[in-house]
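These numbers were taken from a predicted model, which means no experiment stands behind them.
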Amino acid sequence: MDVFNVTDQDGNKVTDEGVLEYIQKSLGPEACFASSMRSVGVKQSTDHTAIELTGSDRPGLLSEVSAVLTNLKCNVVSAEVWTHNTRAASVMHVTDEETGLAVTDPQRLARIKELLCNVLKGSNKTRGARTVVSHAVTHTERRLHQMMFADRDYERVDDGLLDDNQRPNVNVVNWQDKDYSVVTIRSKDRPKLLFDTVCTLTDMQYVVFHASIDAEGPEAYQEYYIRHIDGSPVKSDAERQRVIQCLEAAIERRVSEGLKLELCTTDRVGLLSDVTRIFRENSLTVTRAEVATKAGKAVNTFYVRDASGYPVDSKTIEAIREVIGQTILKVKGSPEDPKPGSEESPTRFLFGGLFKSRSFVNFKLIRSYS
């Protein structure tokens, strides 16, 4: 039996009937589930071409990638960019500038792949770069976790980048009597924390048999009872250290370092290239980005910081806003600003067997009116 106590993104009780109905249909007995969470690219899309990029992070990388796509007559309709531990990964959905549909010409696709791979390689000869072009439909954030995990971003280049207060506290011990390994995680609470953790456990081929999550106040506590898919607990200290490193990386990837900027304007070909070029020319580097197009409008979020490592100068931001437009580009806080805490009630939930069972006998949505 799996019980989840959830709130909306603002920390309030979910009351929207459409959302409640969607949850019930998605998790109910008639829902259709993929045979494996590890399967990706099982559907084809004619609406856009999916481009997956991994490589070494550096200032101006997103600007260079966007410029190449613009020169190749490709319009970026959506994209998500993550950076962590000197590595960068992105899933971008592009369309042909003329047709507004997916790019299908094999020679053109090969050209896109070749040029983007050259950009990603840059002058770094020690770490590889990878570009995949397809028409597959994937869950973007799920795929980004897989890409960064495959790129071994959990292997730390500099342990001094995060102090002990910022780094998640992850511990793994074996429960010998039950042949389980118990994973405990203490970290700052945030949206999608559970998603990020379970994605990584799944990618590492562990099965969750029981778990308890307690999010009370600013800190979250997660406890997982796991076994490898072969039925064994964690077998060695080296494996234990790898589990710890990978879970730390999974939690840190989505932590946004930098100043948050939101852009909302009419979408056009080359918009992303122009905006990121302005960032680069003003010595700002993008640490994370979410790009979306809705009803002809570009709704983009960028997390930026100074390329030299200094705090972002407010004069630089104002100069950028003057160029792009004061009402188009808005500042949503700074890394130094404390985030307002929500006064939501403690959230506790238990689940067991969700990640080992592929079918559900019954699902009941219970609304609390307390």
Flag the pair [X] and [Y] as a salt bridge only when some basic side-chain nitrogen lies within less than 4.0 angstrom of an acidic carboxylate oxygen.
| X | Y | value |
| --- | --- | --- |
| Asp196 | Arg253 | no |
| Lys235 | Asp230 | yes |
| Arg242 | Glu239 | no |
| Glu252 | Arg156 | yes |
| Glu318 | Lys315 | no |
| Glu262 | Lys260 | yes |
| Arg143 | Glu52 | yes |

Tell me, which pairs form a side chain to side chain donor-acceptor pair (under 3.5 Å) where one or both residues lie in residues 288-306, sequence neighbours left out? Ser256-Arg288, Glu257-Arg305, Arg288-Glu290
Going by chain and number, the hydrophobic cluster around Leu144 (ILVMFWY, side chain to side chain under 4.5 Å) further includes Trp82, Val91, Met147, Met148
Qualifying ring-ring contact (aromatic ring centres under 6.0 Å, His included) pairs with a residue from [range], counting only residues at least two apart or across chains:
| range | answer |
| --- | --- |
| residues 245-283 | Phe279-Phe302 |
| residues 229-268 | none |
| residues 251-275 | none |

Do we see a donor-acceptor contact under 3.5 Å between the side chains of His48 and Thr95? no
Verify whether one side chain among Gln222 and Tyr224 offers a donor that lies under 3.5 Å from an acceptor in the other. yes
Using modelled atom types and a 3.5 Å cut-off, is there a donor and acceptor pairing between side-chain atoms of [X] and backbone atoms of [Y]?
| X | Y | value |
| --- | --- | --- |
| His139 | Arg142 | yes |
| Asp96 | Glu98 | yes |
| Thr83 | Asp57 | no |

Name all pairs fulfilling the salt bridge (Lys or Arg N to Asp or Glu O under 4.0 Å) condition that reach into residues 60-82, sequence neighbours left out, sorted by first residue then second. Arg58-Glu64
